[in-house]
Amino acid sequence: MDLLADLTPPQREAVIHVNGPLLVLAGAGSGKTRVITRRVAHLLHKGVAPHNILALTFTNKAAGEMRERIEALIPGAKVWVGTFHGFCARLLRAHGSLVGLDSSFTIYDQADRLRAVRDVLDAMGVDEPPITPEKIEGAISRAKNDLATPKSLAHRARDDRDRLVAKVYAGYEEKLRAASAVDFDDLLVHVVKILKEHRDVRADLDARYRYVLVDEYQDTNMAQYAIVRALSVDHPNLCVTGDPDQSIYGWRGANLSNILEFEKDYDGVKVVKLEHNYRSTKTILAVADHLIQYNVNRKPKDLITENPSGEPVQVTVYARETEEAEGVAGRIASLVREGAYNYSDVAVFCRITALTRTFEQAFRSARIPYQIVGGVSFYERQEVKDVVSFLNLINNPKDDLALSRVVNVPPRGLGKTSFDHLIAFSREHGLPLLEAARRAREVPGLKEKAIRSFLDFVTLFDELAGLRDHPAETVILQTMEKTGYRQHLKDESRGEGEDRLANLEELITAAREFDHEHPGATIQDFLAEITLASPVDRWDQQTGAVTLMTLHAAKGLEFPVVFIIGLEEGLLPHSRAFENPNELEEERRLFFVGITRARKELYISRCRIRTFRGQQQATAQSRFLMELPEDFLSYDDRSGVSAGDSRWAQGSWDRRPASPPRRPPSSSPSQPTRTPTPSPSGFRLTTAAQLGGGGAAGPMAPPGDLDAFRPGASVLHPQYGLGRVVAIEGAGPNRKGRIAFTLAGERTFVLAKSPLKVVGKTGAGPR
DNA sequence: ACTGAACGCTTTTTT
DNA sequence: AGCGTTCAGT
């Protein structure tokens, strides 16, 4: 076929570019994937050898898609397409020894790393860390993404917490090294180290991967940048594609300047801009474009489409989240009933996974087929993890974390005490736990019964370890039999055992498929595959079901009909982003990504009351709602509070910023981004209890002045100064208010007992 | 050593 | 609210 015939001039430019660095700035829906795959095909046509091409993506799903499309253009092309992490894992199997890594290293997932951090804290004798293990783990991860070592971290530590983090980081590294394990970040970091310290290896790889392509370049972090950079020194035929407006992984260390500075970084960069959108209606695009212009830190970009105008974007307000879910379900049902769409044409996006639960229920009772992407991954389920841990131990006998997980599964009488003795012994002799268990007789303090159990375990292990080089399916089946795990689940008194066995059956199926697709592969390969798999990878557009996923997971996908739910302050934008303008802009980009997934119809909703962590809370509408262009919206308040009073129904839209968003870059602090959030106007009933029909038990609350504290209201505190009500928690006289102070951050007060004064209502009231 | 109960914390997002 | 971790009882 002619690779160029159906391309626009800019697309063609990108496709036919062969040598030298190339930056493709691709707006949402501009046919980016198509351009990349065509370019690969073009390179191959020009005589570039397939093994000289390396295409890197962020998710396996994106990689799979790209591989498929290249395969369709050039059947049998052996181009390496994969994720950064997968690529690095493979590289480390071959070159890991350069950084002291066995080729059989284990890859730790998030749960493993947390476990490891806890163990280190334990070993350090820190009973009550001043920061949570999660935070420490996060700090370590961030450090790694920035290529910081424990030493450099210790060096720039400012306070005790920093020092603790640095110390735990050091202990953590040592623990992983001893266990011959790497975490997700290490996969990248170790490769960076190799590339930096071994010029010959770097040069070889640079020459080998003569043509490198990186997708979603705006989401690369320092480590990923360093890898790409090192592979493009002698042969800078690097093609990166991305869209700064779709950068949504800053929290994970993504560095936007990688893409913004690309032109300065490489010599003679060719830049191609793809601004033509082939996906969405004019209306949807206008809404997205209008919104994203509120970002100050941004390069202007046009989004053009010749698609039809389409329907207005519908914004709906519901009373509470159950109604939001039912409303969406009802809408989907009628869309499908009318025959315009299939279930698989529809997606529902939310900011956080926790919100999917309500929708699950609503879909179930409306008999709408759905699939949830994200949440607890299949491979994180306990029973799956147990079996997988055993596989990990077989593959890497030094993996202490894996051993501690399975040594007493099913229960064989090894409790904490015995295990502690074993740990002490292993520490003293510098042995992996498995070796310590082998010498259980020498371990001081062990009871005869425990000794025997440990030895039995080792015998069992040895037996299974003999299967190391067998196909994954065989090893799993044998493990389940010989350990008695299958029997153990069968015996489980409650019905849960059935489900768990079913999950393990699924694991076996996955292994069988893997064995089939990768003849000659070992459990090591299987383990790497499943550890690096993400929930999104299992998602399938063609299942005839509505898709329910987070906004993050939605990147790179498209659907004819999209619902974005929970447009509330604290949710989107997420409360953790409130204080940081950059994070706030990232939230806006996240919303932007969601909007631009939609091809034909877009529905946006929020509710006035949301139950979160068991608490009912009145919500404030998202500030982003006011940044959408009114002309392209149709607004529907179904929360009931406005019934019969049209003034209220319009209210929410009275408070939008009067000025158009296109503004000089140096606009005053009163620019739209900083506009204080209006309260949910038209919301006469202030507390959750009142709106819910006074459902809360207890004495009637004397409404009094407390009702003046509504989300959005401005308040004054004698000490903390000016603030804004973010949320009201609970109802009645003891209700609490969460106040975001301009200077003092967020604090919570029992309103009746606080010296807070309402000084003004930002929200629209009846005039 | 194992079981059930209280406790406390949380995840925003993911390779 | 739900979950996992820790605690108390047998």
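Chain identifiers are assigned alphabetically (A, B, ...) following the order of the sequence lines, protein sequences preceding nucleic acid strands; residue numbering begins at 1 within each chain.
- In this structure, A:I107 and A:A89 approach most closely via the heavy-atom pair CD1-CB, 4.4 Å.
- Checking B:dT13, B:dT11, B:dC2 against the side-chain heavy atoms of A:E134 singles out B:dT11 as nearest.
- Partners of A:K61 by salt bridge (Lys or Arg N to Asp or Glu O under 4.0 Å), not counting sequence neighbours, listed by chain and number: A:E65.
- Rounded to whole Å, atom P of B:dT13 lies 16 Å from atom CZ of A:F349.
- Aromatic rings from A:F87 and A:Y209 are positioned such that their centres are separated by under 6.0 Å.
- Comparing B:dA1, B:dT14, B:dT15 by their nearest atom to the side chain of A:K449 picks out B:dA1.
- Distance from the side chain of A:I352 is smallest for B:dT13 among the nucleotides B:dT13, B:dT10, B:dT14.
- In this structure, A:G86 and A:G413 both approach DNA chain B, and ranking their closest nucleotides by distance from the 5' end singles out A:G413.
- Taking atom NZ on A:K135 and atom P on B:dC9, their separation rounds to 11 Å, with Å as the unit.
- In this structure, A:P411 and A:F58 both approach DNA chain B, and ranking their closest nucleotides by distance from the 5' end singles out A:P411.
- Between the P atom of B:dT15 and the CG atom of A:D183 lies a distance of 15 Å, rounded to the nearest Å.
- Of the candidate nucleotides B:dA1, B:dT15, B:dT14, B:dT15 has the atom lying nearest to any side-chain atom of A:F184.
- Under a 3.5 Å cut-off, the side chain of A:S622 and the backbone N or O of A:L572 do form a donor-acceptor pair.
- In this structure, A:N408 reaches the B:dC2 phosphate: one of its side-chain N or O atoms is under 4.0 Å from OP1 or OP2.
- A:F624 pairs by the ring-ring contact (aromatic ring centres under 6.0 Å, His included) definition with nothing, not counting sequence neighbours.
- Atom C1' of nucleotide B:dT3 and atom NZ of A:K416 are separated by 17 Å, given to the nearest angstrom.
- Neither OP1 nor OP2 of B:dT15 sits under 4.0 Å from any side-chain N or O of A:T531.
- By the salt bridge (Lys or Arg N to Asp or Glu O under 4.0 Å) test, A:E583 pairs with no residue at all, sequence neighbours left out.
- Residue A:T132 has no polar side-chain atom (N or O) positioned under 4.0 Å from OP1 or OP2 of B:dC9.
- Between the CD atom of A:E529 and the P atom of B:dT15 there is a distance of 13 Å, given to the nearest Å.
- Per the geometry, CZ belonging to A:R452 stands 16 Å off C1' belonging to B:dA1, to the nearest Å.
- Heavy atoms of A:F84 sit nowhere under 4.0 angstrom from any nucleic acid atom.
- Stacking is found between A:W251 and the pyrimidine-like six-membered ring of the B:dT13 base under the 5.5 Å centre-distance and 30° plane-angle cut-offs.
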When the side chains of residues 449-456 of chain A are checked against the rest of the protein, which donor-acceptor pairs come out under 3.5 Å, sequence neighbours left out?
unit_1 : atom_1 : unit_2 : atom_2 : d
A:S453 : OG     : A:R412 : O      : 2.9
A:S453 : OG     : A:K449 : O      : 3.2

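- For the ring-ring contact (aromatic ring centres under 6.0 Å, His included) test, no residue two or more places apart in sequence or in another chain qualifies with A:F612.
- In this structure, A:R252 places its CZ atom 12 Å from P of B:dT13, rounding to the nearest Å.
- Atom-to-atom, CZ of A:F419 to P of B:dC2 comes out at 13 Å; the value is rounded to the nearest Å.
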For nucleotides 1-10 of chain C, read 5' to 3', which letter fits each nucleotide if B means a protein heavy atom sits under 4.0 Å from the base, S means only the sugar-phosphate is that close, and - means neither?
BS--S-----

